[in-house]
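Values in this document were obtained by computation on a predicted structure and should not be read as measured data.
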Amino acid sequence: MSKAHPVQVIAVTGGKGGVGKSNISVNLGIALAEKGKRVVLLDADLGLGNLDVLLGITARHTLQDVLAGECDLRDVLVNGPGGIRIVPASSGTQRMTQLSPMEHAGLINAFSELGDQIDVLIVDTAAGISESVVSFLRASQELLLVVCDEPTSITDAYALIKLMNRDYGTNRFRILANQVSGEQEGRVLFDKLTRVTERFLDVALQYVGIVPYDEAVKKSVQRQKAVLEAYPRGKASVAIRALADQVENWPLPVAPRGHLEFFVERLVEV
């Protein structure tokens, strides 16, 4: 793999489930692909993967097959909407939720063969703060934390930030307010999170905006379509494209940080 090719590794996470991070992951990937980026989306919910179901895609192989040595990563990759490629996880397989750090590393190591074919790797993490989630967060260059206006979302987001900051020294988090009524509600939500983190932690939270509540998102999920494809001019689609404009201007990694080699190395260290 070329050492000169930086790969932007973005983990999309949320603490609790139900905040819409998988939809953000998929549609952000599509929006970046529209800009000419070569995007791979990793379903990192290893035991309850759902990206293939979300998009109505049939996956012949999953990461479980890679771990079992039955195929390589190229066999697992499936074409998704808008030109993105997806690495599906297995669903209903408890074994995949109990991988050792070395097994995590073995799975991610498979990405090294694709390094020159990827500009952006989006990691759609599982809910919660399990060892698996932490492994992927530690290995990623950018942490995009999706929150919504529910007390449990704020509480769980704070718990995740606290864990990553105190135990692993992560001090930068990008915050996206999802399913909110408008910019004002998004700012209020961000301020709530900022107040508690400033009081107890040494972290920098960066507000990256909102994705407003949009019935089109629910309709597109029911149709097993990405909202950017089903409702390209909807409120949510416009907001996600604005987010992609920001992501495009985030600093590219400097070797080795952010390269897929680094992604692998960090997982081996866990």
Worksheet item: What is the minimum heavy-atom distance between Pro232 and Arg241, and which atoms define it?
Response: O-NH1, 2.7 Å
Worksheet item: Is the closest side-chain donor-acceptor distance between Glu229 and Tyr231 under 3.5 Å?
Response: no
Practice prompt. Look at the side-chain heavy atoms of Ile, Leu, Val, Met, Phe, Trp and Tyr, link any pair under 4.5 Å apart, and say whether Trp250 and Ile122 land in one connected group.
Written response: yes
Discussion item. Within the structure provided, determine whether Asn165 and Asn171 are in side-chain contact (heavy-atom separation under 4.5 Å).
Written reply: yes
Discussion item. If the threshold is 4.0 Å, N to carboxylate O, is there a salt bridge linking Arg60 and Asp75?
Written reply: no
Worksheet item: Do the side chains of Phe173 and Ile154 join up, straight or via other hydrophobic residues, at under 4.5 Å, putting them in one cluster?
Response: yes
Worksheet item: What is the minimum heavy-atom distance between Leu32 and Ala244, and which atoms define it?
Response: CD2-O, 3.8 Å
Discussion item. If I compare all heavy atoms of Asp245 with all of Lys35, which pair ends up nearest, and what's the gap?
Written reply: OD1-NZ, 2.5 Å
Discussion item. I'd like to check Leu205 versus Val203 (side-chain heavy atoms, cut-off strictly below 4.5 Å). Are they in contact?
Written reply: yes
Practice prompt. Report the C-alpha distance between Val39 and Asp119 in whole Å, list the side-chain angles of each, state the deciding distance to 0.1 Å, and finish with yes or no for side-chain contact (heavy atoms from CB on, under 4.5 Å).
Written response: CA-CA 6 Å; Val39 179; Asp119 297 313; over 6 Å; no
Practice prompt. Return the minimal non-hydrogen interatomic distance between Arg223 and Ala230, and the atom names on each side.
Written response: NH1-CB, 3.9 Å
Response to the item:
Nearest heavy-atom approach of Leu55 to Ala226 is CD2-N, 3.9 Å
Discussion item. Other residues, nucleotides and ligands only: do more than 12 of their heavy atoms fall within 6.0 Å of NZ on Lys218?
Written reply: no
Discussion item. Treating Asn178 as the side-chain partner and Val19 as the backbone partner, does any N or O pair qualify as donor plus acceptor under 3.5 Å?
Written reply: yes
Discussion item. Rounded to the nearest 0.5 Å, what separates atom CD1 in Ile161 from atom CG in Leu193?
Written reply: 4.5 Å
Discussion item. Under 4.5 Å between side-chain heavy atoms, counting indirect links through other Ile/Leu/Val/Met/Phe/Trp/Tyr residues: same cluster for Val188 and Tyr213 or not?
Written reply: no
Discussion item. Are Asn23 and Val227 packed together at the side-chain level, in the sense that at least one heavy-atom pair is separated by less than 4.5 angstrom?
Written reply: no
Item to complete: Any chance you could lay out the side-chain contact (heavy atoms from CB on, under 4.5 Å) test for Thr13 and Val146, step after step, and finish with the verdict?
Response: CA-CA 6 Å; Thr13 192; Val146 181; over 6 Å; no
Worksheet item: So, Lys192 and Asp149, do they make that salt bridge, N to O below 4.0 Å?
Response: yes
Worksheet item: Is the shortest heavy-atom distance from the side chain of Tyr168 to the side chain of Leu137 under 4.5 Å?
Response: no
Worksheet entry | Glu185: partners by salt bridge (Lys or Arg N to Asp or Glu O under 4.0 Å), with sequence neighbours left out | none
Item to complete: Look at the side-chain heavy atoms of Ile, Leu, Val, Met, Phe, Trp and Tyr, link any pair under 4.5 Å apart, and say whether Val180 and Val238 land in one connected group.
Response: no
Worksheet entry | Heavy atoms of other groups near Asp191 CG, more than 12 under 6.0 Å | yes
Worksheet entry | Spacing of CD1 belonging to Ile210 relative to CD1 belonging to Ile240, to within rounding of 0.5 Å | 11.5 Å
Item to complete: Could you tell me whether the side chain of Arg174 reaches within less than 4.5 Å of the side chain of Gln246, counting heavy atoms only?
Response: no
Worksheet entry | For Leu160 against Gly128, the heavy-atom pair lying closest together | CD1-O, 4.2 Å
Worksheet entry | Partner set under side chain to side chain donor-acceptor pair (under 3.5 Å) for Ser22, not counting sequence neighbours | Asp124
Worksheet item: Counting only heavy atoms not in Lys162, do more than 12 sit closer than 6.0 Å to its NZ atom?
Response: no
Worksheet item: How many angstroms lie between atom NZ of Lys37 and atom CD of Glu248, to the nearest 0.5 angstrom?
Response: 5.0 Å
Discussion item. Within the 4.5 Å heavy-atom criterion, are Val247 and Gln8 side-chain neighbours or not?
Written reply: yes
Discussion item. Nearest 0.5 Å, please: how far is CD1 in Ile24 from CG in Leu243?
Written reply: 7.0 Å
Fill in: Donor-acceptor under 3.5 Å (Ser153 side chain, Val147 main chain)
no
Worksheet item: How long is the span from the CG atom in Leu201 to the CE atom in Met164, to the nearest 0.5 Å?
Response: 12.5 Å
Worksheet entry | Heavy atoms of other groups near Glu70 CD, more than 12 under 6.0 Å | yes
Worksheet item: Do any N or O atoms from the side chain of Arg85 and from the backbone of Ile118 form a donor-acceptor pair under 3.5 angstrom?
Response: no
Discussion item. Please report the interatomic distance CG(Leu189) to OG1(Thr194), rounded to the nearest 0.5 Å.
Written reply: 9.5 Å
Discussion item. The test is side-chain contact (heavy atoms from CB on, under 4.5 Å); show your working for Leu228 and Glu34 and say whether it passes.
Written reply: CA-CA 10 Å; Leu228 256 74; Glu34 289 177 349; 4.1 Å; yes
Discussion item. When you compare the side chain of Val76 with that of Cys71, does any pair of heavy atoms fall below 4.5 Å?
Written reply: yes
Discussion item. Using the salt bridge (Lys or Arg N to Asp or Glu O under 4.0 Å) criterion, which residues pair with Asp214? Sequence neighbours excluded.
Written reply: none
